[in-house]
Amino acid sequence: MKLITVKSATATAVTSLTDFDLTATDADDGTGDQSDLPFTYHADDTADMATQVAAWLTANPTFQISPYSAPAPTGDDVDAERDRRRYLQISVATSPTGTFPIDMDAISQLNIQGVATAGLYLASAAPSQTTVFRDANNTSHNLLPSELIAMGLGVQAYIGNLYAKSWALKAMSPIPADFAADSYWT
């Protein structure tokens, strides 16, 4: 494949003009299939097309590379940020034990749901019985049924807040470019 011309080029998210996406026209290789093709140029790339692009750019010094313009965030981007935040470690407060960190990976969330449900039963059947719970720092806590329930409610409040914040962001038009900033989620 031989390069004929570079038709357009846009800088990539890598803020260097040595890396960019471009549309080039390749020469007919005898099959009559001359066509435009997308290509990402990297200055340190030694592939044949990159060498041809570098030579073409040198021969055409006035060619302009359009500045990078990040795509507008979508609702899917907001959902991905919400889901990322859902699994971040959080702190919960229970009384009388106090505040401690908990893991929020999927398995930990299921375990917390289970101990909170057990807390609901124990609150009436054995309100002074304690259940051992190990926090994110591997510290054991002997929690009363009311504390197990408080922990479950804390997790639910955290996740519910994330969903509410994501809905508010998705309702904005346009969605702010910095939608992942903590200020939108706290």
ask   = Is Leu144 isolated, or which residues cluster with it under the ILVMFWY side-chain rule of less than 4.5 Å, directly or via members?
value = none

Mind listing the side-chain donor-acceptor pairs of residues 95-110 below 3.5 Å, one per line with the distance, residues two or more places apart or on another chain?
from: Thr97; atom 1: OG1; to: Glu147; atom 2: OE1; distance (Å): 3.3
from: Thr97; atom 1: OG1; to: Glu147; atom 2: OE2; distance (Å): 2.5
from: Asp103; atom 1: OD1; to: Gln89; atom 2: NE2; distance (Å): 3.3
from: Asp105; atom 1: OD1; to: Ile107; atom 2: N; distance (Å): 3.2
from: Asp105; atom 1: OD1; to: Ser108; atom 2: N; distance (Å): 3.0
from: Asp105; atom 1: OD1; to: Ser108; atom 2: OG; distance (Å): 3.4
from: Asp105; atom 1: OD2; to: Ser108; atom 2: OG; distance (Å): 2.9
from: Gln109; atom 1: OE1; to: Arg86; atom 2: NE; distance (Å): 3.2
from: Gln109; atom 1: OE1; to: Arg86; atom 2: NH2; distance (Å): 3.1
from: Gln109; atom 1: NE2; to: Arg86; atom 2: O; distance (Å): 3.3
from: Gln109; atom 1: NE2; to: Met104; atom 2: O; distance (Å): 2.6

query = Restricting to pairs with a member in residues 109-133, which pass ring pair (Phe, Tyr, Trp, His ring centres under 6.0 Å), not counting sequence neighbours?
reply = none

request  = Return the set of residues passing side chain to side chain contact (heavy atoms under 4.5 Å, CB included) with Thr131 (not counting sequence neighbours), or none when no residue passes.
outcome  = Leu122, Leu148

message = Can you give me the closest heavy-atom contact between Ala123 and Pro145, atom names plus distance?
response = N-CB, 3.6 Å

remark   = Tracing side-chain contacts under 4.5 Å among Ile, Leu, Val, Met, Phe, Trp and Tyr outward from Ile149 reaches Leu120, Leu153

request  = With sequence neighbours left out, write down each residue that passes ring pair (Phe, Tyr, Trp, His ring centres under 6.0 Å) with Phe63, or none if nothing qualifies.
outcome  = Trp56

key: Close side-chain approach of Arg84 to Leu88, heavy-atom, < 4.5 Å   = yes

query = Is the backbone N or O of Ala80 less than 3.5 Å from a side-chain atom of Asp83, with the two atoms forming a donor-acceptor pair by type?
reply = no

remark   = Rounded to the nearest 0.5 Å, the NE2 atom of His141 sits from the CG atom of Asp135 at a distance of 3.5 Å

Sequence-distant partners of Arg134, salt bridge (charged side-chain N to carboxylate O under 4.0 Å, His left out), two or more places apart = none

Between side-chain atoms of residues 176-185 and protein atoms elsewhere (two or more places apart, or another chain), which donor-acceptor pairs fall under 3.5 Å?
from: Asp178; atom 1: OD1; to: Tyr184; atom 2: OH; distance (Å): 3.1
from: Asp182; atom 1: OD1; to: Arg85; atom 2: NH1; distance (Å): 3.2
from: Asp182; atom 1: OD1; to: Arg85; atom 2: NH2; distance (Å): 2.7
from: Trp185; atom 1: NE1; to: Phe179; atom 2: O; distance (Å): 2.8

Heavy-atom pair of closest approach, residues Gly152 and Ala116 = CA-CB, 3.8 Å

ask   = Are Val115 and Asn111 close enough, and set up right, to give a side-chain contact (heavy atoms from CB on, under 4.5 Å), and what steps lead you there?
value = CA-CA 6 Å; Val115 296; Asn111 290 338; 5.8 Å; no

Quiz: residues 161-170 side-chain donor-acceptor pairs under 3.5 angstrom, not counting sequence neighbours:
from: Lys165; atom 1: NZ; to: Thr186; atom 2: O; distance (Å): 3.2
from: Ser166; atom 1: OG; to: Tyr163; atom 2: O; distance (Å): 2.8
from: Lys170; atom 1: NZ; to: Asp79; atom 2: OD1; distance (Å): 2.7

task = Drop me the distance from Leu57's CG to Thr62's OG1, to the nearest 0.5 angstrom.
result = 10.5 Å

request  = Tell me, with the steps shown, if Thr94 and Leu143 meet side-chain contact (heavy atoms from CB on, under 4.5 Å).
outcome  = CA-CA 8 Å; Thr94 65; Leu143 302 179; 4.2 Å; yes

